[in-house]
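What follows is a short report on a single structure.
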2 protein chains.
Amino acid sequence: MDTLTIQTSTNKYNVFVGTKLRFKTPSFLNRNYKNVLIITDTSVEALYLDDIISSFTPETNVSSAVVPAGESSKNASNYFDLISKAIEHGLDRHSLIIALGGGMVGDLAGFVAATYMRGIDFIQIPTTILAHDSSVGGKVAINHPEGKNLIGNFYPPQAVIYDVETLHSLSDEEIRSGYAEVIKHGLISEQQFFDQIKTTNIAEKINDEVLIEHLLKGIAVKANIVERDERESNIRMFLNLGHTLGHALESEIGYGKITHGEAVAIGMLFALKVSEKVYRVSLPYNELYTWLQNNNYPLQLPNLSIDALINRMKKDKKSRDLTVQMVLLKAVGQPKVEELEDRFLVEELKEFLRELV
Amino acid sequence: MDTLTIQTSTNKYNVFVGTKLRFKTPSFLNRNYKNVLIITDTSVEALYLDDIISSFTPETNVSSAVVPAGESSKNASNYFDLISKAIEHGLDRHSLIIALGGGMVGDLAGFVAATYMRGIDFIQIPTTILAHDSSVGGKVAINHPEGKNLIGNFYPPQAVIYDVETLHSLSDEEIRSGYAEVIKHGLISEQQFFDQIKTTNIAEKINDEVLIEHLLKGIAVKANIVERDERESNIRMFLNLGHTLGHALESEIGYGKITHGEAVAIGMLFALKVSEKVYRVSLPYNELYTWLQNNNYPLQLPNLSIDALINRMKKDKKSRDLTVQMVLLKAVGQPKVEELEDRFLVEELKEFLRELV
């Protein structure tokens with residue numbers, strides 16, 4: 001088992017990465033909680049909920065709440081139901097909430113923990129590759145009909161328990177979605193990490209050791225940035241490489257029709273293309289394109305309205321005064337945030353989409 | 001004008017206390033905000049909203065949202081509507097929310113600011129005496145049908161602008177409610193402050209200078225405690241003197257039928273009574289009783305179920321593992337948190353209520 005320590009402005013917590021960790025959950029906790037509520041979704045419930053529950057001794061009062069799987073569960077109505085469940089189960093300020101699942105569950109359960117009685121302890125037990133990204137950094141949120149993650153907090157967990165065995169139950173689509181963020185961590189950190197991922201075929205079963213190494217490196221990149229800028233006032237924005245267009249694509253195409261990571265993958269291609277133009281440099285656009293193609297990422301898009309996409313990009317939380325901000329790369333490992341003129345963006349996006357369609 | 005500086009774990013902000021401050025709101029801000037949303041209630045809107053709006057130059061985009069006056073507005077439905085309004089008005093991460101009103105508006109607008117796009121700036125412009133307490137300390141929240149303030153955050157404002165002129169529009173009831181917290185700050189800090197309040201007749205118009213002095217002293221007591229224990233892990237609990245029974249009375253009698261401060265006043269009497277018994281000391285119970293009576297505090301209670309009250313006291317957020325915790329006084333200025341046995345509490349409460357009824 002490997003351990004990474006994350007320092008935040010308010011606490012310090014460990015990320016444990018290894019196999020079979022879910023069977024000894026209490027051993028990773030700093031305190032003896034009397035009352036624990038596990039929040040999970042319908043997919044994960046069937047696979048791992050019992051493993052977590054039975055890792056506790058009978059002295060601990062463990063209850064669970066299950067929401068339907070899928071991003072649409074990250075809504076206000078489920079949020080309030082979960083708060084009500086926490087009250088019903090008698091949780092007080094000294095209780096623990098466990099987020100068992102992927103990014104959706106982590107965000108939703110994390111926001112419940114962040115706001116229940118003004119904040120109680122929570123831990124993350126991620127069950128997706130994508131969650132190597134979302135479970136570190138303390139961002140928790142629910143969606144608003146007008147946009148993703150518009151309601152939330154910065155609220156770090158007490159621990160992240162990453163049992164990579166749980167990743168074997170992921171679909172190909174989920175593996176692709178998660179690896180897009182691993183690639184992103186490569187692109188914004190160092191050539192070597194990016195090269196290493198490029199040699200991995202994720203369309204076939206990934207070796208546990210390789211997976212653990214990639215996850216640890218990805219988490220380290222993220223942790224390093226988040227420690228230096230928790231509240232996203234400057235360098236944390238680098239983590240949004242590929243996300244400005246990615247989020248816009250998710251909304252325009254429709255959540256569920258393209259995964260988050262798949263949309264971000266296309267967003268990263270676009271960011272590389274724009275970076276080459278803006279900085280007059282050569283970047284591994286073709287290498288990334290080829291790797292994505294070889295690993296079955298969907299790279300053909302339906303016909304989309306350029307104006308609609310640009311409007312979505314402007315509504316992005318990171319945008320300031322309605323000009324689009326995007327993370328670009330001066331080189332692999334050298335991200336930079338740029339404000340882009342509408343006219344330039346329209347032309348670039350047109351050309352990019354024409355090439356993809 | 002007087003200025004007090006409050007240090008929190010994440011920022012530092014000023015509390016400005018004086019007259020006519022509302023006419024120069026922008027001069028108290030650290031930044032030039034392009035987009036401002038003022039959240040207020042129907043009572044305050046008619047009196048002071050225009051003063052705040054016209055204190056900004058036309059370059060600032062100022063919009064407003066109004067909720068019905070009264071504690072019941074601090075609910076989930078208004079909270080979501082306000083988030084939607086913030087989106088509608090185009091607020092981004094660099095915008096400002098102004099909470100204009102009493103504690104209800106401060107809590108509700110503060111929670112909107114704390115969670116909108118994971119937290120944007122907000123300032124408090126309190127218009128009640130009670131808000132001298134709630135506007136300092138960073139607690140924001142909404143109510144759940146099962147209890148007050150069950151959903152919230154610790155989220156400090158960027159500034160508090162206290163224009164005491166706005167306090168002249170308060171009803172006698174609201175003045176009594178606010179002064180209960182001033183008294184509390186006296187009781188937990190020093191005899192001299194308590195004695196000073198005791199000589200003030202709040203049933204008649206209070207002199208502005210006296211009012212400013214009491215508010216400044218009260219805020220200083222609160223700020224001192226909050227700075228040392230922001231997240232209520234130990235000494236911040238002292239601020240709950242009178243609140244354990246107070247909250248229970250509010251719920252049992254019904255919100256709106258007794259004000260928060262009036263309920264807390266009775267709660268403080270009970271805390272003094274219990275303290276005298278537990279510590280075998282003499283405390284100014286009679287002096288407090290007489291002052292409350294002379295200033296028209298309601299001290300006669302309807303018939304209430306002791307069991308129901310004790311159950312409410314147990315549900316208090318501060319309670320741990322279902323024994324009642326109460327703040328007691330070893331002497332004026334020497335608060336201490338004690339866990340109390342059910343049986344003892346039942347007897348004390350019976351006797352206390354018999355004396356009051």
Side-chain angles (χ1 to χ4, degrees), chain A residues 8-11 34-35 61 75-77 79-88 90-95 107 111-112 114-120 137-142 144-155 230-233 237 314-323 325, chain B residues 8-11 34-35 61 75-77 79-88 90-95 107 111-112 114-120 137-142 144-155 230-233 237 314-323 325:
Chain A
T8 79
S9 62
T10 50
N11 77 345
K34 290 192 187 165
N35 213 342
N61 175 23
N75 61 38
S77 150
Y79 165 70
F80 273 100
D81 286 352
L82 289 169
I83 293 273
S84 300
K85 285 227 166 91
I87 298 170
E88 211 175 282
L91 269 70
D92 68 13
R93 290 186 175 181
H94 310 281
S95 304
D107 277 4
F111 189 53
V112 171
T115 54
Y116 183 66
M117 295 186 172
R118 296 200 183 87
I120 67 170
K139 280 189 178 184
V140 296
I142 56 173
H144 184 280
E146 289 294 319
K148 278 186 79 169
N149 298 326
L150 284 179
I151 305 173
N153 273 157
F154 289 94
Y155 194 74
E230 196 174 11
R231 298 191 74 86
E232 199 158 20
S233 47
M237 289 190 193
K314 284 187 178 173
K315 273 204 185 160
D316 200 78
K317 278 191 306 305
K318 290 93 198 175
S319 82
R320 184 167 183 149
D321 306 325
L322 302 183
T323 48
Q325 285 196 322
Chain B
T8 79
S9 63
T10 50
N11 77 345
K34 290 192 187 164
N35 212 342
N61 175 22
N75 62 38
S77 151
Y79 164 70
F80 273 100
D81 286 352
L82 289 170
I83 292 273
S84 300
K85 285 228 167 90
I87 296 171
E88 210 175 284
L91 268 70
D92 69 12
R93 290 185 176 183
H94 310 281
S95 304
D107 277 4
F111 189 53
V112 171
T115 53
Y116 183 66
M117 296 187 172
R118 296 200 183 87
I120 67 170
K139 281 188 177 184
V140 296
I142 56 173
H144 184 279
E146 289 294 319
K148 278 184 80 169
N149 299 328
L150 283 179
I151 305 173
N153 273 157
F154 290 94
Y155 195 74
E230 194 173 16
R231 297 191 74 87
E232 198 159 20
S233 47
M237 289 188 193
K314 284 187 179 174
K315 272 204 185 161
D316 201 79
K317 277 191 307 306
K318 290 92 199 176
S319 83
R320 184 168 183 148
D321 305 324
L322 302 182
T323 49
Q325 285 196 321

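Letters A, B, ... are given to chains in the order of the sequence lines, protein chains preceding strands, and every chain is numbered from 1. These values consider heavy atoms only, across backbone and side chains, with no hydrogens, waters or symmetry-generated copies.
In this structure, the portions of A/I151 lying under 4.5 Å from any heavy atom of chain B include both its backbone and its side chain. Of the atoms belonging to A/V112, not a single heavy atom falls under 4.5 Å from chain B. Both the backbone and the side chain of B/S84 come within contact range of chain A, each with at least one heavy atom under 4.5 Å from a heavy atom of that chain.
Looking at residues two or more places apart in sequence or on another chain, you find no side chain to side chain donor-acceptor pair (under 3.5 Å) involving B/D81.
Side-chain atoms of A/Y155 and A/T115 form no donor-acceptor pair, as typed in the model, at a separation below 3.5 Å. When only modelled atom types and interatomic distance are considered, A/D92 and A/N35 share no side-chain donor-acceptor pair under 3.5 Å.
Atoms OH and OH, on B/Y79 and B/Y116 in that order, are 11.5 Å from each other to the nearest 0.5 Å.
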